Number of protein chains: 2
Amino acid sequence: MKAETFKVACSNCNLRELCMPVGFDEKDMHKLDEVVTTRKKIKQGELLFENGETFTSLYAIRTGFFKTSVASEDGREQVTGFQMAGEIIGLDGIVSDQHTCSAVALEDAEVCVMPFDHIEDLSREFPVLQKHVHKIMSREIVRENGMMMLLGNMSAEERLANFLVNLIQRLFARGQSQSEFILRMSREEIGSYLGLKLETVSRTFSKYSEEGIIEVKQRHIKILKPDVLKQLVKSPNCK
Amino acid sequence: MKAETFKVACSNCNLRELCMPVGFDEKDMHKLDEVVTTRKKIKQGELLFENGETFTSLYAIRTGFFKTSVASEDGREQVTGFQMAGEIIGLDGIVSDQHTCSAVALEDAEVCVMPFDHIEDLSREFPVLQKHVHKIMSREIVRENGMMMLLGNMSAEERLANFLVNLIQRLFARGQSQSEFILRMSREEIGSYLGLKLETVSRTFSKYSEEGIIEVKQRHIKILKPDVLKQLVKSPNCK
DNA sequence: CTAAATCTTTGACGTACATCAAGAAGACTT
DNA sequence: AAGTCTTCTTGATGTACGTCAAAGATTTAG
C-alpha cells in the first residue's frame with residue numbers, strides 16, 4: 001500500500017533552512033528543486049524503508065515523526081534515532097546500497113524523496129550543496145559519538161535528561177513550545193534508544209516529577225525546571 | 001613537537017585498496033595523488049588532532065594504530081573507536097569545522113594528510129572519488145549504529161566477543177594473523193569503548209580463557225576457538 | 001457503551017556489573 | 001639489577017537497573 005506522491009519544490013519550502021543549504025541565489029535555488037523528485041505520505045506505523053531494502057534515496061521529513069532502528073540476529077531491537085521535520089534519513093544505505101536500519105513513522109508523515117544519484121550529480125555542480133551533504137553526514141557521526149558517550153557512561157537519570165533537553169532544543173528550532181509537548185514514542189521506544197528498560201524510563205519520569213522538574217501525564221510532558229534538567233546533562237565537551 | 005612530513009603518492013601505495021576507490025585509470029590515478037599533500041609521523045601517545053581543534057584535513061592511516069574518544073563536561077572519556085592502517089579518521093570535524101573528538105596514536109604511526117578542500121574539489125571532478133567519500137562516511141554511521149546496539153543491548157561477554165571478532169576480521173583484511181595478535185590498547189581503553197570497567201574486561205578475558213576459547217597473556221591474545229567466539233556475536237541483522 | 005488490547009505506573013525481588021582493595025606481572029628508570 | 005610505575009588479575013562486597021507481576025489509564029474494536 002504505497003502512499004500518494006506529489007511534485008514539489010524546495011525553493012518555497014518553509015523548512016528549507018533546516019534541511020537545505022543557505023547561500024543559494026534565485027537561479028541556483030530552482031536547480032536545487034531537482035533534488036526532490038516527489039513527496040510521499042507515510043501513515044503512522046508504516047515503514048519508510050526497511051533493513052535489507054535497496055537504497056535509492058535520502059528522505060527529508062516534511063511533517064511527522066520517525067524512529068530508526070537496527071535489529072540483531074536474535075531479534076533484539078535498538079532504536080538508533082528519532083527524527084522530525086527538516087531532518088534527513090536514509091544515510092545508512094549509502095555504503096552498501098542497501099538499508100541496514102528501518103524507519104517507521106510514529107505519526108502520519110510526509111517526506112521529500114531525494115534520489116541519491118540526483119544528489120550526487122547536483123552536488124558536483126553546486127559546491128554549496130556538496131558541502132551541505134558532507135555536513136549532514138558528519139553531523140550524524142557526531143551525534144552518534146554523543147550517543148556512545150550516553151550509552152557507555154551515563155546513569156539512567158542523565159540519559160533521560162539528555163533525551164529531554166535534546167528534544168526541547170529541536171522543538172525550539174522548529175518554533176514549537178519547549179515547555180510543553182507530547183511524546184510521539186512509547187516508554188519502550190525511549191528505553192530502547194537510551195539503553196534502558198521501559199520500567200526504568202517510567203520510574204525516572206516519576207522521579208523527575210516528584211522533584212518538580214517536569215510534569216508527566218502519560219505522553220504529555222510539561223517542563224517545569226528546564227535549568228535543573230540542563231544541569232543533569234553532561235554533554236560531550238566541545239571546546 | 002610537530003612530526004616530520006613527507007611528499008608521497010597514492011598511486012603506488014600498498015594500502016590503496018583499503019582506503020581509496022578502485023576503478024581509476026592510470027591518468028586519473030595520478031590526479032588522485034593530489035588528495036594527499038603530505039605524510040605525518042605521530043609517536044605513540046601523541047595526538048593527531050584534539051577536541052576543539054580547527055578541522056582542515058582527513059587522515060588516512062598508513063601505519064600504526066589510533067584511538068578516538070570524546071570527553072564529557074565532567075571529564076569522563078568515551079572511546080569511540082580504534083583505527084588501523086587503511087582507515088580514515090577526522091570525519092567528525094566536517095560539520096562544524098572543528099574536531100569534536102581527539103585521536104591518539106596507540107603506537108608509532110604515520111598518516112597521509114588529506115586537506116578536505118582538496119577532497120571536495122577533486123570529488124567534484126571524479127564521481128568515483130565522490131562516491132567513495134560518501135561511502136566512507138556512511139560506513140562510519142553504520143558502524144556507530146552497531147555500537148549503539150552493542151552498548152544498549154549486549155552483555156559484557158557479547159560485547160567482548162564482538163570486539164575480538166571485529167578485530168580479527170580487520171587484521172585478516174590486512175593479511176595479518178587472525179589467530180594471534182597483540183592488543184594495542186589497555187583494558188581500560190577496551191572497557192571505555194565497550195561501556196564496561198577494566199575489571200569486567202579482565203574478568204571476561206579470564207572467563208574465555210578458562211573456557212578454552214582464547215589464550216590471554218597480558219596483551220598477547222591467541223584465538224583458539226574462533227567459531228565459539230563468532231557464535232557469541234549477535235551482530236546487527238543484515239538481510 | 002462495553003470489551004479487549006495496549007501502554008504506563010508501581011512494588012518486590014534478583015542480578016550483572018561496578019566499586020573497592022590488594023597482590024602479581026610487566027615495563028620503564030637509573 | 002634494584003626500585004618505581006603502570007597495567008592486569010582476582011576476590012569481596014555494593015548497587016543501579018533489570019525482571020516479574022499486578023493494577024490503573026488510555027485507545028481501539030465491536
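Because the structure is a prediction, the values reported are computed rather than measured. To find a chain, count down the sequence lines: A is the first, B the second, and so on, and within it residues start at 1.
- Residue A:Ser186 is classed as a sugar-phosphate contact, given heavy-atom separations below 4.0 Å to backbone atoms only.
- For the pair B:His220 NE2 and C:dA25 P, the interatomic distance rounds to 15 Å; values are reported in whole Å.
- At least one side-chain heavy atom of A:Met147 sits under 4.5 Å from a side-chain heavy atom of A:Tyr193.
- The CD-P distance, from A:Glu188 to C:dT9, rounds to 13 Å in whole Å.
- Checked by atom type, the side-chain pair B:Gln44/B:Asp108 shows no donor-acceptor distance below 3.5 Å.
- Remark: P of D:dT9 and CG of B:Leu160 are 11 Å apart, rounded to the nearest angstrom.
- Comment: B:Glu87 does not engage B:Arg62 in a salt bridge, judged by the lack of any side-chain N to carboxylate O separation of less than 4.0 angstrom.
- Other residues, nucleotides and ligands place no more than 12 heavy atoms under 6.0 Å from the CD atom of B:Glu188.
- Using modelled atom types and a 3.5 Å distance limit, the side chains of B:Thr68 and B:Gln83 yield a donor-acceptor pair.
- Distance CZ (A:Arg187) to C1' (C:dT10): 13 Å, rounded to an integer number of Å.
- Between B:Glu158 atom CD and C:dC17 atom P there is a gap of 9 Å when expressed in whole angstrom units.
- Among the heavy atoms of the strands lying under 4.0 Å from A:Ser206 are primed sugar atoms or P, OP1, OP2 only; no base atom is included.
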What does nucleotides 14-30 of chain D look like as a protein-contact string, B for base, S for sugar-phosphate only, - for none, at under 4.0 angstrom between heavy atoms?
-> ---SSBB-----S----
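- In the displayed structure, A:Glu157 atom CD is contacted under 6.0 Å by more than 12 heavy atoms of other residues, nucleotides or ligands.
- Computed from coordinates, the B:Lys207 NZ to D:dT10 P distance equals 14 Å when rounded to whole Å.
- Between B:Arg219 and D:dT7 there is no side-chain N or O to OP1 or OP2 distance below 4.0 Å.
- Rounding to whole angstrom units, CG of residue A:Leu183 and P of C:dT8 are separated by 9 Å.
- At whole-Å resolution of the value, CG in B:Leu150 and P in C:dC17 are 12 Å apart.
- The pair B:Glu46-B:Lys43 fails the salt-bridge criterion, with no side-chain N (NZ, NE, NH1 or NH2) lying under 4.0 Å from an Asp/Glu carboxylate O.
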